[in-house]
Amino acid sequence: MAGRFAFTVDAAIENIPVVADGIEDYLVSAGVNPAIVPDIELAVDEVMTNIITHGFRRQAGTIGITCSIGEGVVRIEIRDRAPAFNPLLLKEPDISVKLEDRPVGGLGIYLVRKVMDAVSYEYRDGENVLTLEKKIPE
Amino acid sequence: MTLEITGDNEMAVVMMPKRMDAENAPVLEEDLKALMRWNSPIVIMDFSATDYIASAGLRVLLVTTRNLMKGGTKTALISLSPQVLRVFDMAGFTQIFSIHATKEEALKKLQSSG
């Protein structure tokens with residue numbers, strides 16, 4: 001099964017569920033095991049939230065998304081022209097501390113790494129490019 | 001979004017929304033402040049309608065629960081769906097929140113912990 005699904009949206013929080021629904025429709029129509037859809041939705045949500053709130057600081061911008069399937073893997077590339085920033089360099093939150101001391105931030109990218117099998121970042125042609133990969137279960 | 005909160009002097013039960021994400025987190029955080037004004041010794045957060053939570057939703061829970069704790073209120077979370085529980089687990093939230101299947105179970109636990 002091949003093919004790809006690409007689109008561009010305004011960098012706005014309300015567009016996140018729209019993108020998630022679009023990806024879900026594409027994956028389901030491609031016959032991908034639906035068990036992995038919630039993890040993919042969460043990862044895309046967290047990445048877009050970071051781009052909108054930290055990358056563009058809620059100012060105008062666009063986010064490009066390309067979703068493809070091949071070699072047993074769903075691959076999602078998320079691109080933006082906000083200032084160069086590698087979210088994978090963020091310090092992982094310490095999730096072992098008690099409630100009173102838990103920091104309130106830093107969980108988003110941590111969850112992305114947890115639910116995806118591979119996450120990579122590159123700055124290419126003036127764009128931040130984050131690539132998420134999720135293996136499709138048999 | 002308007003949160004439904006029911007209860008009495010002893011306890012407040014709040015129905016959490018269907019989605020807890022960056023889109024509704026600011027409104028949710030504001031709406032949950034009503035629990036502080038309710039001022040009951042126990043707050044039960046009912047997740048039976050919640051099918052999706054992202055880090056923005058987790059953050060709201062952390063802030064709200066911490067504020068309730070400071071005011072001496074005990075909190076418990078009930079009826080988490082498998083997907084919501086999975087996200088809690090990954091974030092380490094199952095360690096820091098009191099999570100139960102039912103309201104009765106939660107009350108038993110909270111009341112026995114003094």
Side-chain angles (χ1 to χ4, degrees), chain A residues 9-21 23-24 34-58 63 87 90 92-117 119, chain B residues 1 17-30 32 43 45 47 50-77 80-99 109-110 113:
Chain A
V9 295
D10 287 336
I13 292 287
E14 60 265 31
N15 282 334
I16 296 175
V18 179
V19 169
D21 286 349
I23 291 174
E24 179 176 358
I36 63 169
V37 170
D39 282 353
I40 291 173
E41 179 182 6
L42 178 63
V44 170
D45 180 339
E46 298 295 354
V47 172
M48 288 183 70
T49 299
N50 264 357
I51 294 170
I52 294 160
T53 57
H54 300 300
F56 288 117
R57 297 179 182 277
R58 297 190 184 266
I63 300 174
L90 285 172
E92 285 202 352
D94 180 356
I95 66 159
S96 67
V97 297
K98 58 185 203 288
L99 195 142
E100 298 92 299
D101 306 323
R102 272 295 287 265
V104 292
L107 266 177
I109 288 297
Y110 178 79
L111 289 177
V112 172
R113 301 175 99 147
K114 281 271 188 185
V115 297
M116 290 289 124
D117 292 301
V119 183
Chain B
M1 175 174 48
K18 187 170 161 54
R19 293 178 62 89
M20 295 177 62
D21 55 15
E23 190 176 17
N24 69 12
V27 177
L28 181 61
E29 186 171 344
E30 207 48 45
L32 284 170
V43 166
M45 298 180 180
F47 282 75
T50 307
D51 57 24
Y52 182 79
I53 190 162
S55 64
L58 293 175
R59 196 195 139 275
V60 170
L61 273 183
L62 199 58
V63 169
T64 301
T65 308
R66 205 177 276 172
N67 285 337
L68 287 168
M69 268 174 70
K70 281 183 199 151
T73 299
K74 290 182 192 172
T75 58
L77 281 45
L80 279 66
S81 75
Q83 174 63 20
V84 170
L85 195 57
R86 180 170 141 74
V87 177
F88 267 69
D89 199 31
M90 286 187 290
F93 273 40
T94 44
Q95 319 291 325
I96 56 177
F97 285 97
S98 179
I99 299 174
K109 178 75 184 163
L110 288 182
S113 68

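Lettering follows sequence order; numbering is per chain, from 1.
- Looking only at distances, a side-chain donor or acceptor of B:Arg66 sits under 3.5 Å from a matching main-chain atom of A:Arg102.
- Side chain of B:Asp21 to backbone of B:Asn24: a donor-acceptor contact under 3.5 angstrom is found.
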Exercise for the section: Tell me, with the steps shown, if B:Phe93 and B:Thr65 meet side chain to side chain contact (heavy atoms under 4.5 Å, CB included). Expected result: CA-CA 12 Å; B:Phe93 273 40; B:Thr65 308; over 6 Å; no
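- Residue B:Gln95: no heavy atom, backbone or side chain, is found under 4.5 Å from chain A.
- Of the listed residues (A:Lys114, A:Lys98, A:Glu41), the greatest number of heavy-atom pairs within a distance under 4.5 Å of chain B belongs to A:Glu41.
- Under a 3.5 Å cut-off, the side chain of B:Asn67 and the backbone N or O of B:Thr64 do not form any donor-acceptor pair.
- Residue A:Glu14 touches chain B through both its backbone and its side chain, counting heavy-atom pairs closer than 4.5 Å.
- When each of A:Ile16, A:Ile52, A:Leu111 is checked for heavy-atom pairs under 4.5 Å with chain B, A:Leu111 comes out on top.
- Highest contact tally toward chain A, considering only B:Ser55, B:Ala56, B:Ala54, B:Gly92, is held by B:Ser55 [criterion: heavy-atom pairs under 4.5 Å].
- Only the backbone of A:Asp101 comes within contact range of chain B, with at least one heavy atom under 4.5 Å from a heavy atom of that chain.
- Contact count against chain B (heavy-atom pairs under 4.5 Å) is highest for A:Leu42 among A:Val115, A:Thr49, A:Leu42.
- Here the side chain of B:Thr50 pairs no donor or acceptor atom with the backbone of B:Arg19 at under 3.5 angstrom.
- At a 4.5 Å heavy-atom cutoff, the contact between B:Met69 and chain A is made by side-chain atoms alone.
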Exercise for the section: I would like to know whether A:Arg58 and A:Ile13 meet side chain to side chain contact (heavy atoms under 4.5 Å, CB included); could you show each step before the answer? Expected result: CA-CA 9 Å; A:Arg58 297 190 184 266; A:Ile13 292 287; 3.7 Å; yes
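- Heavy atoms closer than 4.5 Å to chain A are found in both the backbone and the side chain of B:Val87.
- Once rounded to the nearest 0.5 Å, the distance linking CG of B:Leu61 with CE of B:Met20 reads 4.0 Å.
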